Colleague: 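Structure below; questions to follow.
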Amino acid sequence: MEKDKVYIIGHRNPDTDSICSAICYANLKNIIGDAEYIPVRAGDVNTETEFVLDHFGASAPALMENITTQVRDIEIRKTKGVSRCTSIRKAWKMMQDNDIVTIPIVTKEGSLEGLITVSDIAHNIMDVYDNTVLSKGKTIYSNILDTINGEMLVGDPKDVFGEGKVLIGAANPEMMESYIDKGDIVIVGNRYESQLCAIEADAGCVVVCLGARVPATIIKMAESKGCRIIATPYDTYMVTSLIGQSLSIGYFMKRHNLTVFDDDDYLDDISDVMGSKRYRDFPILGEDGRYIGMISRRNLLGAKGKKVILVDHNERNQCVEGIEHAEILEIIDHHRIGAVETMAPVFFRNQPLGCTSTIIYEMYKEEGVTPDKQIAGLLCSAIISDTLMFRSPTSTPEDKAAVDELAPMAGIDVEKYSEQLFSAAGDLEGKPLEDIFYSDFKRFNAGDVFFGVGQIVSMNKTELRDLEKRMISYLPEAMKETGTDMMYFMLTNVLSEVSGIICAGDGARQIILDAFGPAAKVEEDDDNMILLTGVMSRKKQLVPNIIRTLQEKKATV
């Protein structure tokens with residue numbers, strides 16, 4: 001039985017903790033859980049995280065920017081595709097045996113060629129008045145044998161009936177000679193004269209009914225004339241009634257203007273299309289364009305969303321797009337409690353630690369699972385990054401203890417590795433401003449005021465100064481892109497433990513000055529930047545002060 005898929009995902013614009021938490025928690029859940037846990041990401045991987053993943057030989061999780069329910073999340077009926085050479089009779093039997101009304105026609109490579117429905121078969125059977133239709137449809141003799149329960153005494157079942165008509169040889173030989181043309185299929189009984197006449201008239205095939213014995217002389221003559229002979233236990237009436245059902249479905253299948261969906265299409269997008277069509281069933285194609293199954297409108301009823309575990313966030317505005325359609329199972333986080341609503345109770349673990357990965361490492365220990373070198377390295381890197389090597393006020397003794405235990409497992413020297421990590425994070429040369437800005441960005445709100453905060457961490461003072469001059473002009477554009485009222489960007493120097501704040505938006509600058517009072521310093525030669533000594537954490541120092549100040553201002557209005 002196929003396991004349920006559960007996606008583990010961090011916030012938009014993921015940082016190292018968000019990516020590593022998803023990977024490491026998925027690893028733990030796959031060891032102890034009963035589903036298939038898949039780490040995914042809601043945005044691009046930043047430079048620091050790329051360094052971490054490369055250092056420990058880990059792959060970045062797959063990108064999932066929208067978690068809305070897709071076709072692949074619902075039950076896809078695995079209706080078997082058939083060849084265009086399949087007979088009408090065989091297709092009809094498949095429909096009856098499997099209680100389906102549509103059959104897909106596919107190539108040997110699995111590509112969809114067309115569709116055939118019950119009504120297509122009924123209409124074509126009822127409307128056939130052409131006794132050459134089997135040859136027009138290039139019918140394979142094996143289809144004829146299968147349809148009339150025949151045995152080929154002369155000829156090859158793989159041959160194709162490609163020229164002539166189907167007729168009954170019930171007249172006397174003289175009359176038969178007048179209407180039998182070369183290549184025709186002639187249905188006869190046990191009369192030697194009729195069989196002989198059909199062969200001499202260059203018939204392509206003689207069908208002998210009622211299981212009549214075919215004399216050796218007839219067989220030899222048929223072989224010499226290139227005429228096929230089929231023996232069937234059915235009488236002439238039955239053969240005449242059935243033989244039309246040996247026509248290949250490829251002759252009248254629908255092959256143009258087919259309504260097909262990809263397995264990554266969103267249900268919201270296809271439901272209206274399905275409702276506007278008269279068809280009951282629709283084929284689904286996979287990533288490689290090959291046919292994988294069918295769905296009907298019934299499949300959309302009661303469709304469940306993707307099963308999701310959120311890590312390193314719990315606020316709605318930081319979630320991946322489409323989270324309202326998902327079934328949230330768990331939330332593992334270390335931030336303030338936000339406003340993600342769930343349809344049912346969930347496992348919610350929120351601890352005031354410096355990093356989500358610290359919580360996840362505690363869960364490894366609680367389950368008695370020792371992380372391997374790669375997992376230990378990812379957890380350790382996330383903690384170092386989120387706590388700024390324990391310089392951040394969000395850092396706790398638990399974070400430090402976790403790194404002390406994980407570093408030997410990962411085979412790293414913490415001091416040297418931290419320098420490499422922060423150097424990678426601060427390598428800004430040649431990067432577009434947009435990429436730098438969104439490499440670590442989050443959106444917040446205080447009542448009806450929405451604001452965003454981006455942050456870059458570096459050990460290079462000159463590099464941060466150069467970035468400030470470029471970034472200040474980008475902030476108004478970022479406000480429009482994110483739909484915020486105010487925008488802040490932190491340029492954090494790990495070595496000096498100082499963050500420079502630049503901002504945009506009506507009243508944004510005054511909010512910082514009011515929030516930090518005398519601690520907020522404005523340099524004489526650069527009034528765009530406000531320096532906050534000792535302010536390293538967006539989560540614990542900057543954002544709470546902005547929210548508190550906004551709330552105080554609103555209360556005095």
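Residue indices begin at 1 and follow the sequence shown. Quick caveat, the model's predicted, so the values are computed rather than measured.
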Colleague: Using modelled atom types and a 3.5 Å cut-off, is there a donor and acceptor pairing between side-chain atoms of Glu327 and backbone atoms of Lys307?
Modeller: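 Looks like no, no N/O pair under 3.5 Å.
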
Colleague: Taking the side chain as everything from C-beta on, heavy atoms only, tell me whether Thr16 gets closer than 4.5 Å to Phe51.
Modeller: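 They are not in side-chain contact.
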
Colleague: Is the shortest side-chain heavy-atom distance between Asp386 and Lys539 below 4.5 Å?
Modeller: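 The answer is no, as the side chains (C-beta and beyond) never meet within the 4.5 Å cut-off.
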
Colleague: Which heavy atom of Arg336 sits nearest to which heavy atom of Ile547, and what is that distance?
Modeller: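 Closest approach of Arg336 to Ile547, heavy atoms only: NH1-CD1, 3.3 Å.
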
Colleague: Regarding Glu497 and Thr533, do their side chains bring together a donor and an acceptor under 3.5 Å, going by distance alone?
Modeller: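 There is no such pair between these side chains.
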
Colleague: Counting distance only, does the side-chain N/O of Asp312 pair as donor-acceptor with the main-chain N or O of Gly10 below 3.5 Å?
Modeller: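 Checking the backbone N and O of Gly10 against the side chain of Asp312, no donor-acceptor pair under 3.5 Å is found.
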
Colleague: Once rounded to the nearest 0.5 Å, what's the spacing between atom CG of Asn46 and atom CZ of Phe441?
Modeller: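 If we round to the nearest 0.5 Å, Asn46:CG and Phe441:CZ are 14.5 Å apart.
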
Colleague: Determine whether a donor-acceptor pair (N or O, by modelled atom type, separation under 3.5 Å) exists between the side chain of His334 and the backbone of Pro352.
Modeller: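 No: the side chain of His334 does not pair with the backbone of Pro352.
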
Colleague: Are more than 12 heavy atoms from other residues, nucleotides or ligands located less than 6.0 Å from atom NZ of Lys365?
Modeller: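 Buried by this count: over 12 neighbours within 6.0 Å.
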
Colleague: Between Gln541 (side chain) and Ser537 (backbone), is there a donor-acceptor pair under 3.5 Å?
Modeller: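 Flag set: sc Gln541 to bb Ser537 pair under 3.5 Å.
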
Colleague: With side chains defined as the heavy atoms from C-beta onward, is the minimum distance between Leu550 and Met486 less than 4.5 Å?
Modeller: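 Result yes, sub-4.5 Å side-chain heavy-atom pair found.
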
Colleague: Run through Ile375, Val52, Asp15, Ile383 and flag the one making a side chain to side chain contact (heavy atoms under 4.5 Å, CB included) with Cys20.
Modeller: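 Exactly one pass, corresponding to Val52.
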
Colleague: Among Ser21, Cys319, Ser18, find the residue that satisfies the side chain to side chain contact (heavy atoms under 4.5 Å, CB included) test when tested with His313.
Modeller: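 So, applying the side chain to side chain contact (heavy atoms under 4.5 Å, CB included) to His313 and each of Ser21, Cys319, Ser18, only Cys319 qualifies.
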
Colleague: Can you say whether the rings of Phe437 and Phe489 are parallel (under 30°), tilted (30 to 60°) or perpendicular (over 60°)?
Modeller: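 Plane angle under 30°, so parallel.
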
Colleague: If you round to the nearest 0.5 Å, how far is CD1 of Ile501 from CG of Leu532?
Modeller: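 It comes to 5.0 Å.
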
Colleague: In terms of heavy-atom contacts, does CD of Glu366 have more than 12 from other residues, nucleotides or ligands at under 6.0 Å?
Modeller: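 Yes, enclosed.
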
Colleague: Within the side chain of Asp17, is there an N or O that forms a donor-acceptor pair under 3.5 Å with the backbone of Ser357?
Modeller: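 Yes.
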
Colleague: Between Ser439 (side chain only) and Ile436 (backbone N and O only), is there a donor and an acceptor less than 3.5 Å apart?
Modeller: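 Present.
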
Colleague: Going by atom types alone, do Lys540 and His335 pair a side-chain donor with an acceptor below 3.5 Å?
Modeller: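 Note: Lys540 and His335 side chains miss the donor-acceptor criterion.
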
Colleague: Please give me the minimum heavy-atom distance between Val260 and Pro283, naming the atom from each residue.
Modeller: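 For Val260 versus Pro283, the nearest heavy atoms are CG1-CG, 3.3 Å.
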
Colleague: Measure the spacing between OG1 of Thr358 and CD of Glu398 and express it to the nearest 0.5 Å.
Modeller: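 So the OG1 of Thr358 and the CD of Glu398 are separated by 8.5 Å.
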
Colleague: Please test Asn66 against Met64 for side chain to side chain contact (heavy atoms under 4.5 Å, CB included), starting from the C-alpha separation and ending with a verdict.
Modeller: CA-CA 6 Å; Asn66 192 321; Met64 184 178 283; over 6 Å; no

Colleague: Between Thr396 and Asp399, is there a donor-acceptor pair closer than 3.5 Å when you use the side chain of the first and the backbone of the second?
Modeller: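 Such a contact is found between Thr396 side chain and Asp399 backbone.
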
Colleague: Which atom pair, heavy atoms only, marks the closest approach of Pro104 to Leu115?
Modeller: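 In terms of heavy atoms, the two residues are closest at CA-CD2, 3.7 Å.
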
Colleague: Does some side-chain heavy atom of Ile74 sit less than 4.5 Å from a side-chain heavy atom of Leu300?
Modeller: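 In short, these two side chains touch, coming nearer than 4.5 Å.
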
Colleague: Sequence neighbours left out, what passes side chain to side chain donor-acceptor pair (under 3.5 Å) with Arg548? Give chain and number order.
Modeller: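 Side chain to side chain donor-acceptor pair (under 3.5 Å) list for Arg548, sorted by chain: Asn545, Glu552.
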
Colleague: Give the intermediate values and the outcome of salt bridge (charged side-chain N to carboxylate O under 4.0 Å, His left out) for residues Arg72 and Glu287.
Modeller: CA-CA 11 Å; Arg72 63 166 62 109; Glu287 292 181 0; 3.7 Å; yes

Colleague: Above 12 or not: heavy atoms from other molecules or residues under 6.0 Å from CG of Asp413?
Modeller: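 Yes - once you tally the heavy atoms of other residues, nucleotides and ligands closer than 6.0 Å, there are more than 12.
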
Colleague: Tell me, with the steps shown, if Thr387 and Ser395 meet side chain to side chain donor-acceptor pair (under 3.5 Å).
Modeller: CA-CA 5 Å; Thr387 64; Ser395 179; 4.6 Å; no

Colleague: Testing Ile332, Ile331, Ile309, Leu329 one by one against Phe347 for a side chain to side chain contact (heavy atoms under 4.5 Å, CB included), which residue passes?
Modeller: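 Considering Ile332, Ile331, Ile309, Leu329, a side chain to side chain contact (heavy atoms under 4.5 Å, CB included) with Phe347 is found only for Ile332.
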
Colleague: Check the pair Asp268, His325 against side chain to side chain contact (heavy atoms under 4.5 Å, CB included), reporting the backbone distance first and the verdict last.
Modeller: CA-CA 10 Å; Asp268 289 350; His325 300 287; 3.7 Å; yes

Colleague: Checking Arg41 side chain against Gly43 main chain: does a donor-acceptor pair fall under 3.5 Å?
Modeller: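 Yes; at least one donor-acceptor contact below 3.5 Å.
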
Colleague: The test is salt bridge (charged side-chain N to carboxylate O under 4.0 Å, His left out); show your working for Arg316 and Glu324 and say whether it passes.
Modeller: CA-CA 9 Å; Arg316 174 67 184 85; Glu324 67 273 12; 2.8 Å; yes

Colleague: So that I know where these two stand, are Tyr417 and His55 an aromatic pair - ring centroids less than 6.0 Å apart?
Modeller: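 Yes, the ring of Tyr417 comes within the 6.0 Å limit of the ring of His55, centre to centre.
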
Colleague: With a sphere of 6.0 Å drawn around NZ of Lys78, does it hold more than 12 non-hydrogen atoms of other residues, nucleotides or ligands?
Modeller: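 Counting neighbours around NZ of Lys78, more than 12 heavy atoms of other residues, nucleotides or ligands fall under 6.0 Å, so yes.
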
Colleague: I'd like to know if Lys442 pairs up with Glu315 as an ion pair, taking the criterion as any Lys NZ or Arg NE/NH1/NH2 lying under 4.0 Å from an Asp or Glu carboxylate oxygen.
Modeller: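 Looking at Glu315 together with Lys442, the answer is no, because their closest N to O distance does not fall below 4.0 Å.
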
Colleague: Could you tell me whether Tyr361 and Tyr364 have their ring centroids closer than 6.0 angstrom?
Modeller: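 Between Tyr361 and Tyr364, the centre distance exceeds or equals 6.0 Å.
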
Colleague: Start with the C-alpha gap between Val543 and Phe451, add the side-chain angles, then the distance that decides, and say whether side chain to side chain contact (heavy atoms under 4.5 Å, CB included) holds.
Modeller: CA-CA 9 Å; Val543 171; Phe451 64 95; 4.1 Å; yes

Colleague: Does the side chain of Met274 come within less than 4.5 Å of Phe261's, by heavy atoms?
Modeller: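 The answer is yes; the side chains approach within 4.5 Å.
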
Colleague: Looking only at heavy atoms, what is the nearest atom pair of Glu468 and Ile502, with distance?
Modeller: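 In terms of heavy atoms, the two residues are closest at CG-CG2, 3.8 Å.
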
Colleague: Should Arg12 and Glu321 be marked as a salt bridge (charged side-chain N to carboxylate O under 4.0 Å, His left out) after you check the CA-CA gap, both sets of side-chain angles, and the distance that decides it?
Modeller: CA-CA 9 Å; Arg12 302 183 192 186; Glu321 185 177 346; 5.7 Å; no

Colleague: Between the side chains of Arg349 and Gln351, is a donor N or O closer than 3.5 angstrom to an acceptor N or O?
Modeller: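 Short answer, yes.
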
Colleague: Which heavy atom of Glu113 sits nearest to which heavy atom of Thr107, and what is that distance?
Modeller: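 Shortest heavy-atom separation between Glu113 and Thr107 comes out as CG-CG2, 3.4 Å.
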
Colleague: Please examine the side chains of Ile512 and Tyr488, heavy atoms only from C-beta on, and report whether any two atoms are closer than 4.5 Å.
Modeller: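 Yes. Closest side-chain heavy atoms under 4.5 Å.
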
Colleague: Please check if the side chain of Asn299 supplies one atom and the backbone of Ser296 the other of a donor-acceptor pair under 3.5 Å.
Modeller: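 Answer holds: yes.
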
Colleague: Examine the side chains of Ser385 and Glu48 and answer whether a donor and an acceptor come within less than 3.5 Å of each other.
Modeller: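 A pair is found: one side chain offers a donor N or O, the other an acceptor, under 3.5 Å apart.
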
Colleague: For Asp466, is there an ion pair with Arg470 - N to carboxylate O distance below 4.0 angstrom?
Modeller: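 Salt bridge: no.
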
Colleague: I'd like to know whether Leu542 forms a side chain to side chain contact (heavy atoms under 4.5 Å, CB included) with Met490, so could you lay out the CA-CA distance, the side-chain angles of the two residues, the decisive distance to 0.1 Å, and finally the verdict.
Modeller: CA-CA 9 Å; Leu542 188 67; Met490 299 178 67; 3.4 Å; yes

Colleague: Could you tell me if the side chain of Arg298 sits less than 4.5 Å from the side chain of Arg280, heavy atoms only?
Modeller: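 Touching, per the 4.5 Å side-chain cut-off.
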
Colleague: Show the nearest heavy-atom pair for residues Asp281 and Met294, with the distance to one decimal.
Modeller: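 Closest heavy-atom pair between Asp281 and Met294: CB-CE, 3.6 Å.
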
Colleague: May I ask you to test the Phe422-Leu388 pair for a side-chain heavy-atom distance under 4.5 Å?
Modeller: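 In contact.
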
Colleague: Is the backbone of Gln70 close enough, under 3.5 Å, to the side chain of Asp73 for a donor and an acceptor to pair up by distance?
Modeller: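 Here the side-chain-to-backbone pair exists.
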
Colleague: For the residue pair Glu481 and Tyr474, confirm or rule out a side-chain donor-acceptor distance under 3.5 Å.
Modeller: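 Present: a donor and an acceptor within the cut-off.
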
